[in-house]
Amino acid sequence: MHKEVGAFKNKNVLVVITGSIAAYKACEVIRFLVKEGSKVKVMMSESSQKFIGLATISGLINNEVYTDLFPPKSDSGIEHVSLAIEMDIIVVLPATANVLCKVASGVADDLVSTTLSICEQPTIYFPAMNFRMWFNKATIESVEKIRKKGQTIVEPDDGELATRHKGRGRLPSFNVIINEIRKILHVNLPLENKKVLVTAGPTRESIDPIRYISNRSSGKMGYSIASICKNYGAEVTLISGPVSLQPEPGIECFNVETNKNMLDCIENQISSNHYDYFYMAAAVSDYKPKNFSNKKIKRSKSEMSIDLVPCIDIIKTVSSKIEGKLIAFALESKNGGSEAKRKLKDKGADFIVLNHHNKIEKALESDTNHVFVIAKSGNIQEIKRDHKLSVAKKIVDITLDK
Ligand SMILES: Cc1cc2nc3c(=O)[nH]c(=O)nc-3n(C[C@H](O)[C@H](O)[C@H](O)COP(=O)(O)O)c2cc1C
């Protein structure tokens, strides 16, 4: 079991939901915290209840939700005071421009603003709003004031907003939210101060300026590994073949095309950096055309063939030059186990992650995967079919130094 499991156990967490269209995203975070064993209380502004129902939240925490400054049947009438001082952390998710401006100016005209204006507990805001609201002078000044008070405001993401505009204002991803909460609670991240290099996607080998040979790798497995490592606190470098994915913010990404480009890029990285872990998930070409035609090969009626020559075995080439742990990915359509064990030795890897791709099992172009992680010691662990992000988390958990 991973050491972060249980990190949220018994933590007193107050989640404050305010009236942004991103309010529904609080459900997933609340559910996670409850599952991890936190004692979660929730407060909702009046506006937020237009976006998600009290019944949903109260069902998730199996308790009542705080909504009124003057509740009809209050025990003490001072929930805003007790809630503000009893908590290990207060999470405002999502935080509206309105609540940021109110808290910064000390306005206390409802339960949410009254609680937030007096709380001295570690407080973290996750703003979500249209970019015009985020860049509004009043919001900028309020954010500055709240940060000066020592509270945390997590910068929203750039991207497509609910209004279909592009800009800054999106609520960060679930993983980023959980990570930021972890940081405030001083929960150690398993890959803190570690450097990880991940390769992902296919490579392309050109036949002529127009055509190439490649494979069906989508890059999703490698990108998921990179995301998990980033969320575990690592500094992540991703070397990616051509895919239609975007790395998570904060991941350094190099885009390459051919097997040779990939090898050069890896060698460049290892000559100037020390990496602790290498996750080689790219599906690099095994063969390339012997000859490259500078001009587009014309269509003709006669048969033609392309001579192929082997490409360099990147993992084998790199393994002798690195000190970090090497996790190589292998794809087989049959005899996977014996092939993986042979490759483990031949390539000098610490682990082989074995994927199967055949009529029954699909690893490429799929959102899910089913793998076996085979260690140098001979230990084999199966990760049953699941979304690639969940599979990636289990792979990283298994291959981490404990
Ligand atoms: C459809 C709709 C979506 C909204 N989305 C946001 C939002 O994402 N961020 C924000 O700051 N305000 C948003 N607002 C405005 C807030 O709901 C409004 O300022 C409200 O007074 C906030 O109250 P509260 O901060 O007490 O929850 C939205 C309003 C509407 C009608």
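- The local environment of CZ in R216 is sparse, with at most 12 non-hydrogen atoms from other residues, nucleotides or ligands closer than 6.0 Å.
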For the pair K343 and L354, evaluate side-chain contact (heavy atoms from CB on, under 4.5 Å) and give the outcome as yes or no after the intermediate values.
CA-CA 10 Å; K343 280 188 180 170; L354 173 66; over 6 Å; no
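- The nearest pair of heavy atoms linking N259 to I314 is O-CD1, 3.5 Å.
- In this structure, N179 contributes its side chain and N231 its backbone to a donor-acceptor pair below 3.5 Å.
- Side-chain contact of T258 with Y212: a donor-acceptor pair under 3.5 Å is absent, judged by distance alone.
- Using a 4.0 Å cut-off between charged side-chain N and carboxylate O, K137 and E141 make a salt bridge.
- Side chains of D386 and N369: a donor-acceptor N/O pair is absent below 3.5 angstrom, by distance only.
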Could you go through the side-chain contact (heavy atoms from CB on, under 4.5 Å) check for L185 and D88 one step at a time?
CA-CA 8 Å; L185 290 171; D88 293 307; 4.1 Å; yes
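- Under 3.5 Å, the side chains of E64 and S58 contain no donor-acceptor pair of N or O atoms.
- A ring-centre distance under 6.0 Å is found for F8 and F32.
- In this structure N379 satisfies the side chain to side chain contact (heavy atoms under 4.5 Å, CB included) test together with A375, S377, Q381, sequence neighbours excluded.
- The two residues W134 and I153 come nearest to each other via the heavy atoms CH2-CG2, 4.3 Å.
- Annotation for E235: atom CD does not count as buried by contact number, only 12 or fewer foreign heavy atoms lying within 6.0 Å.
- M262 contributes atom CE, which lies 9.0 Å from atom OG of S285 (distance to the nearest 0.5 angstrom).
- Under the 4.5 Å side-chain criterion, counting only non-hydrogen atoms from C-beta, T152 is not in contact with R147.
- When all heavy atoms of F329 and N355 are compared, the pair lying nearest together is CD2-ND2, 4.1 Å.
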Verdict with supporting geometry, F278 and I270, side-chain contact (heavy atoms from CB on, under 4.5 Å):
CA-CA 10 Å; F278 294 82; I270 56 180; 3.4 Å; yes
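- For the residue pair S218 / Y223, no side-chain donor-acceptor distance below 3.5 Å is found, with atom types taken as modelled.
- Between P209 and S293 the shortest heavy-atom distance is CD-O, 3.2 Å.
- D208 CG to I306 CD1: the interatomic distance, rounded to the nearest 0.5 Å, is 8.5 Å.
- Under the side chain to side chain donor-acceptor pair (under 3.5 Å) criterion, no residue pair touches residues 40-53, with sequence neighbours excluded.
- Residues forming a salt bridge (charged side-chain N to carboxylate O under 4.0 Å, His left out) with K11 (at least two apart in sequence, or on another chain): none.
- Judged as a salt bridge (Lys or Arg N to Asp or Glu O under 4.0 Å), the pairs with a partner in residues 264-274 (not counting sequence neighbours) are, in order, K260-D264, E267-K321.
- In this structure, the side chain of S319 engages the main chain of K347 through a donor-acceptor pair within 3.5 Å.
- Between the side chain of T199 and the main chain of A282, a donor-acceptor pair closer than 3.5 Å is present.
- Considering all non-hydrogen atoms of both residues, L400 and P190 come closest at CD1-CB, 3.8 Å.
- Contact of the P94 side chain with the I17 side chain is registered, since non-hydrogen atoms from C-beta on lie closer than 4.5 Å.
- Under the salt bridge (Lys or Arg N to Asp or Glu O under 4.0 Å) test applied with D367, the options K388, K220, R385 reduce to a single match, K220.
- With sequence neighbours left out, the side-chain hydrogen bond (donor to acceptor under 3.5 Å, both in side chains) criterion links R170 to no other residue.
- Under the rule for a side-chain hydrogen bond (donor to acceptor under 3.5 Å, both in side chains), N215 has no partner lying at least two apart in sequence or in another chain.
- At least one donor-acceptor pair closer than 3.5 Å links the side chain of R211 to the backbone N or O of I297.
- In this structure the side chain of L60 never reaches within 4.5 angstrom of the side chain of V34, judged on heavy atoms.
- Put simply, the side chain of E180 reaches to within 4.5 Å of the side chain of F126, judged on heavy atoms.
- Using modelled atom types, one side-chain atom of T96 and one backbone atom of V99 make a donor-acceptor pair closer than 3.5 Å.
- Minimum heavy-atom separation, I90 to M87: CG1-CB, 4.1 Å.
- Once rounded to the nearest 0.5 Å, the distance linking NZ of K394 with CD1 of I228 reads 11.0 Å.
- Looking at heavy atoms from C-beta onward, K194 lies out of side-chain contact with Y232 at the 4.5 angstrom threshold.
- Each of V284, I352, L326 was evaluated against I315; a single residue qualifies, L326, per the side-chain contact (heavy atoms from CB on, under 4.5 Å) test.
- To the nearest 0.5 Å, atom CD1 of residue I266 and atom OG of residue S271 are 12.0 Å apart.
- Expressed to the nearest 0.5 Å, how far SG of C229 lies from NZ of K195 amounts to 13.0 Å.
- Residue L69 forms a side-chain contact (heavy atoms from CB on, under 4.5 Å) with just one option from T114, D109, D110, V112, and that option is T114.
- Between the side chain of S105 and the backbone N or O of V107 there is no donor-acceptor pair closer than 3.5 Å.
- Inspection of the N273 and Q269 side chains reveals an N or O donor paired with an N or O acceptor under 3.5 Å.
- Between T56 and C27, some side-chain heavy-atom pair lies under the 4.5 Å cut-off.
- Proximity of Y125 to T123: side-chain heavy atoms (C-beta onward) are separated by under 4.5 Å at one or more points.
- V42 is not listed as a side-chain neighbour of V16, based on a closest heavy-atom distance of 4.5 Å or more.
- Between the CZ atom of R168 and the CZ atom of R132 there is a distance of 15.5 Å, given to the nearest 0.5 Å.
- In this structure, F372 and H370 have tilted ring planes: the angle between them lies in the 30° to 60° band.
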Evaluation steps, side-chain contact (heavy atoms from CB on, under 4.5 Å), between V353 and I374:
CA-CA 6 Å; V353 179; I374 303 159; over 6 Å; no
